[in-house]
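Notes to accompany the following structure.
This one's a predicted model, so the numbers in the text were calculated from it and none came from an experiment.
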Amino acid sequence: MAWSDRSLTLHHPSARPRLDALTGARGPAALMVFSQHAGESGLLPWIWSSALAVSFFFVLSGFVLAYAYGDQKALGWDFYRARWGRIWPATMVSTGLVLLLLPRDAYPPLALSDGGTGMVFLSVLLMLQSLIPIPDVYFAFNSVSWSISVEWCFYLLFPFVLWGLCRRIWATMVMVMAVGLMLTALAMALGWSGFDPAALASPSWHGLVYINPLTRLWEFAIGMLAGRLWLTTSLRSSVRRLLQQGLRQGRGWLAPWLEVLLIGACLVCAYWVLPQGIAWAVPAAAPLQLLLLQWTSALCLVVVVVVLAAESSVFSRQWMAQPLMLRLGELSFGVYLMHQPLMRWLSIQMRNDPTGLLATCPKTVVLMGVLVMTLLLAAVSHDWIEPPARRWFKGQSAQSR
């Protein structure tokens, strides 16, 4: 989840134009994750992989951060406080929701000792669980928060990657790729298995290749590179001019549909590369194949981000910036974090009382109820919990100076 705060581009000192189309795009991506878990809970007749949405958030986060901070020579503690204040409160609220709603045997860690559980909880509090390639750790408590841990690690690395991109672009990108390849080679050399629900306390290559922030750093860095280049006026103007010239062939009313077609083609390519490619992976080389698929998918997704940022037609300039889309985009972080604890609680209630109201109610009604509850919790978190937390961290930052 890689959700960048919309206020990053609204109130940044450089007063750059808002990227409303990118804010609007976060809502559908979060709903894609929601739909996967709804399918796994039996509320939808299909299960769509949300790996593409997670990768999209990583790319988008890198782009928006580079767009907002790409011209700053140094980023100090204020940057880290701001980012921590953005993601930590809602993440802890969702963790508290898990502890409040679910019985102890309904969420990881499930196979570790009590002492190990305490250490896992500490890693979750610090948002560092993604660095430990053990499923009982990186999927602990609210399992979707693994990607928030990855985001936090991205934020820790952001000033250093930005410094490299400002000086030696290709050397920096090659270094990022080399780190990913080394970790993948390590996973293959150790002979670890993939994710296995029956071996939650054992290390897995899934934890090193799909979860580890250093392996996923390419997706964030390619977004950063695009955001950094977007700050170059000539490049930004060239991209917009190229898109507008192509869309102009649509004779006005057809232009937004051509833009939709371009974005859709990139998303289809990314979908068939990543989720479908994972299913086709050869077991012996699955870690390396997954790594290459993630990198290739990110290239497709960065095109989507750039096309939306260009705002070359009414689709990206107005349709994606409708108030409803913007509001959903603002709530996407909360939607991502809050939905799974609710779905797990619902599944437990239906299993324990198969003749009760929840189990006999039409699945469509139940699904809509879960969605409404998720949106309400996301709104409470976004409007009432996160703002004072951010103000507190900013106050601490001001006092420290």
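Under the rule for a ring-ring contact (aromatic ring centres under 6.0 Å, His included), Trp345 has no partner lying at least two apart in sequence or in another chain. Considering only residues two or more places apart in sequence or on other chains, Ser145 meets the side-chain hydrogen bond (donor to acceptor under 3.5 Å, both in side chains) condition with Gln129. For Ser347, there are no side-chain hydrogen bond (donor to acceptor under 3.5 Å, both in side chains) partners at least two apart in sequence or on another chain.
The backbone N or O of Ser130 lies less than 3.5 Å from a partner atom in the side chain of Ser149, making a donor-acceptor pair. Listed for the Thr374 side chain is no donor-acceptor partner under 3.5 Å among the backbone atoms of Val335. Between the Ser41 side chain and the Ala38 main chain, no donor and acceptor come within less than 3.5 Å of each other. In this structure a side-chain-to-backbone donor-acceptor pair under 3.5 Å is missing from His382 to Ala378. In terms of modelled atom types and a separation under 3.5 Å, the side chain of Ser143 and the main chain of Ala140 share no donor-acceptor contact. The main-chain N or O of Thr91 is never found under 3.5 Å from a side-chain atom of Asn142 such that the two would form a donor-acceptor pair. Between the Lys363 side chain and the Gly42 main chain, a donor and an acceptor come within less than 3.5 Å of each other. A donor-acceptor pair under 3.5 Å is absent between the side-chain atoms of Asp136 and the main chain of Pro108, judged by distance alone.
Across Ser316 and Met320, no two heavy atoms sit closer than the pair O-CB, 4.0 Å. Smallest separation of non-hydrogen atoms from Arg228 and Cys166: CZ-SG, 3.6 Å. Scanning all heavy atoms of the two residues, the minimum distance from Val209 to Leu291 falls at CG1-N, 4.0 Å. Considering all non-hydrogen atoms of both residues, Leu110 and Arg104 come closest at CD2-O, 4.0 Å. What you find for Leu358 and Gln349 is that their closest heavy atoms are CD1-CB, 3.9 Å.
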(request) Take Ile148 and Phe333, measure what side-chain contact (heavy atoms from CB on, under 4.5 Å) needs, and give me the verdict at the end. (result) CA-CA 10 Å; Ile148 311 304; Phe333 186 54; 3.4 Å; yes
(message) As a quick check of understanding, evaluate ring-ring contact (aromatic ring centres under 6.0 Å, His included) for Phe195 and Phe139, giving each step before the final call.
(response) CA-CA 11 Å; Phe195 174 73; Phe139 281 157; 5.6 Å; yes
(message) Please evaluate residues Val161 and Leu165 with respect to the criterion side-chain contact (heavy atoms from CB on, under 4.5 Å), reporting the C-alpha separation (whole Å), side-chain torsions for both, the decisive distance (0.1 Å), and the verdict.
(response) CA-CA 6 Å; Val161 178; Leu165 291 177; 4.1 Å; yes
(message) As a quick check of understanding, evaluate side-chain hydrogen bond (donor to acceptor under 3.5 Å, both in side chains) for Tyr336 and Ser94, giving each step before the final call.
(response) CA-CA 10 Å; Tyr336 181 84; Ser94 72; over 6 Å; no
(request) Please test Ser204 against Tyr138 for side-chain hydrogen bond (donor to acceptor under 3.5 Å, both in side chains), starting from the C-alpha separation and ending with a verdict. (result) CA-CA 11 Å; Ser204 70; Tyr138 57 75; 3.1 Å; yes
(request) Give the C-alpha distance, both sets of side-chain angles, the deciding distance and a yes or no for ring-ring contact (aromatic ring centres under 6.0 Å, His included) between Trp146 and Tyr210. (result) CA-CA 11 Å; Trp146 71 266; Tyr210 187 74; 5.4 Å; yes
(request) Go through the steps to decide whether Leu371 and Leu31 satisfy the test side-chain contact (heavy atoms from CB on, under 4.5 Å), and finish with yes or no. (result) CA-CA 9 Å; Leu371 179 58; Leu31 291 179; 4.0 Å; yes
(request) Could you walk me through whether Ile222 and Trp295 pass the side-chain contact (heavy atoms from CB on, under 4.5 Å) test, one step at a time? (result) CA-CA 9 Å; Ile222 198 68; Trp295 289 356; over 6 Å; no
(message) Before you tell me yes or no, could you show the steps for Thr23 and Glu330 under side-chain hydrogen bond (donor to acceptor under 3.5 Å, both in side chains), namely the whole-Å CA-CA distance, both residues' side-chain angles and the distance that decides it to 0.1 Å?
(response) CA-CA 7 Å; Thr23 299; Glu330 291 173 344; over 6 Å; no
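Once rounded to the nearest 0.5 Å, the distance linking CG of Leu293 with CG of Leu288 reads 9.5 Å. Rounded to the nearest 0.5 angstrom, Phe57 CZ and Leu301 CG are separated by 11.5 Å. How far CG of Leu326 is from CZ of Arg26: 9.5 Å, rounded to the nearest 0.5 Å.
Between Tyr155 and Trp152, the angle of the ring planes goes over 60°, which puts this pair in the perpendicular group of the 30/60° scheme. Classification of the Phe63-Trp230 ring pair by plane angle, with boundaries at 30° and 60°, yields tilted.
Under 3.5 Å, the side chains of Gln322 and Gln318 contain no donor-acceptor pair of N or O atoms. Side chains of Glu219 and Ser55: a donor-acceptor N/O pair is present below 3.5 angstrom, by distance only.
For residues 373-389, the pairs satisfying salt bridge (charged side-chain N to carboxylate O under 4.0 Å, His left out) are Arg86-Glu386, Arg327-Asp383, Glu386-Arg390, with sequence neighbours left out. The ring-ring contact (aromatic ring centres under 6.0 Å, His included) analysis of residues 89-111, with sequence neighbours excluded, yields the pairs Tyr107-Phe141.
Contact check for Phe154 versus Arg216: side-chain heavy atoms found under the 4.5 Å cut-off. Looking at Ser123 and Val137, their side chains come closer than 4.5 Å, going by heavy atoms from C-beta outward. In this structure the side chain of Gln340 never reaches within 4.5 angstrom of the side chain of Val98, judged on heavy atoms. In this structure the side chain of Met343 reaches within 4.5 angstrom of the side chain of Phe34, judged on heavy atoms.
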Side-chain polar contacts of residues 172-187 - donor-acceptor pairs under 3.5 angstrom, sequence neighbours left out - could you list them?
| from | atom 1 | to | atom 2 | distance (Å) |
| --- | --- | --- | --- | --- |
| Thr172 | OG1 | Gly164 | O | 3.0 |
| Thr172 | OG1 | Arg168 | O | 2.7 |
| Thr184 | OG1 | Gly180 | O | 2.8 |

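Ring centroid separation for the pair Phe220 and Phe58 does not come in under the 6.0 Å cut-off.
Counted within 6.0 Å of CZ on Phe121, heavy atoms from surrounding residues, nucleotides or ligands total 12 or fewer; the atom is thus considered open.
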